[in-house]
Amino acid sequence: MQKAELHVHLEGSVTPQTLREIEPSLSLDEIRARYQYTDFAGFLQAYKWVNLHLKTPAHFALITRRLIDHLAGQGVTYAEINVSVGVMLWRGLPVEEVFTAIAAEASAGPIPVRFIFDAVRQFGLDNAWGTARHAVLHKDRGVVGFGIGGDEAGGPAQLFREVFDYAAKSGLHLAPHAGETVGPESVWAALECGAERIGHGIRSIEDPVLVQYLRDRRIPLEVCISSNVCTSAIASLKDHPVRRLYDAGVAITLNTDDPPMFHTTLIREYELARDAFGFGDEDLREVAGNSLAYTFSAA
Ligand code: ADE
Ligand code: ZN
C-alpha cells in the first residue's frame, strides 16, 4: 500500500544502535532504559537527552540517511520530516551547516522527502522567530512547513501568532502539535493561528463542535497511536480516540512521531489500527490515501 509519513521527528528517529555509533561510550542497555517513560515530561527529557548527543553535521547526516532508508523499507513513498530547529538554536548549533548536511543526505536518498521546522513552545517567542526565519531561508532546499512542538502546556499557540502569520505569508504551511496533552482549546488556538494540519489533535474528541469543524474543513489529524500510549497522553490503548475520530468523518493519517523511542514503525501503526481498532482493508486504504492527499508538496 502506497503511503506517506507526515509526522516523524528526525531527532526522535535515532535507534539505540545508531546512537551508540555516535556515542560509543553508551551501552545499548543504557539507551534502551532511556527510551522508557511513564509520562510526557519523561519523554521530553529523553528526547532532549538524545538531542544532546547529536553534535556535528555528520551526526545529523547519519541519522537522516538512516531514517530515510528505514522509511523506504516501510513502503513509504514520500515523507515530511520534522526537524527540531528550535532545539538547535537553543543549543547554539550552526543551523545552516547542520541543515546543509541533512538536505544533502535527503537529496541522495531513495524517496522524496520534505522538511517541517519545529520551534519549541517552552523556549518562547524569540526561539520560534529564529526557527521560522530559518525555515523561510531554506524554502528552496525542501522546507515546506513550520510547526511547534515540545510542552504544549508551556506556551499557548496564540503566543506565536505573529510567527505563524510570517511563516504563512512567506509561503510555508503550518502544522503545529496541538491537542496531544492539552484539551480542545489548544486545537482551536492552533486553528486560529492558521494550522492546516494538526500534530496529534486527539483531544479534539472532547469537543463535538471541534470534531465537526475538523471534518467540514477537511483539516487532517496526524495521529500517532503508540506515541500517545508511551507518553500516557491517553490512559491506555483501548482509550485511544482514533476510531471515534475516523467514524466521525475526520481525515485521519497514521504516523510514528519518534519511531524507536516509541518502539514502533509505520507498518506497526497500521497494524495497530487494524488489530486494536477494527480498521478494515478499505479503511486502511482511505487512511493511506489521506497521507498522500494531505502532503504540503507534490509527492
Ligand atoms: N517532539 C518530539 N516528539 C514530540 C511530541 N510527541 N510532542 C511534542 N514535541 C515532540
Ligand atoms: Zn511530534
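This chain uses plain numbering: 1 for the first residue, then up along the sequence. In each ligand, atom 1 is the first atom listed, and ligand 1 is the first ligand listed.
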Inset, instruction - Validate the cation-pi geometry between R141 and F115: distance from NZ or CZ to the six-membered ring centre under 6.0 Å, angle to the ring axis within 45°. - result: no

Inset, instruction - Give me the one residue out of I205, I252, I234 that meets side chain to side chain contact (heavy atoms under 4.5 Å, CB included) with V242. - result: I252

Inset, instruction - Could you list the residues that satisfy salt bridge (charged side-chain N to carboxylate O under 4.0 Å, His left out) with R66, not counting sequence neighbours? - result: E21

Legend entry - E180 and its side chain to side chain contact (heavy atoms under 4.5 Å, CB included) partner, picked from V187, N228, I202, I198: N228

Inset, instruction - State whether a side-chain donor-acceptor pair under 3.5 Å links D283 with Y246. - result: yes

Legend entry - If only protein N, O or S atoms under 2.8 Å count, total around the Zn ion (ligand 2): 4

Legend entry - Within 6.0 angstrom of E162 CD, more than 12 heavy atoms from elsewhere: no

Inset, instruction - Sort out the contact shell of ligand 1: every protein residue with a heavy-atom distance below 4.0 Å, listed by chain and number. - result: H9, F40, F43, Y47, G149, G150, H177, E180, H200, D257, D258

Legend entry - Carboxylate-amine/guanidinium contact D165 R161, below 4.0 Å: yes

Legend entry - Donor-acceptor contact below 3.5 Å, side chain E80 vs main chain R114: no

Inset, instruction - Could I get the full list of salt bridge (charged side-chain N to carboxylate O under 4.0 Å, His left out) partners for E5, not counting sequence neighbours? - result: none

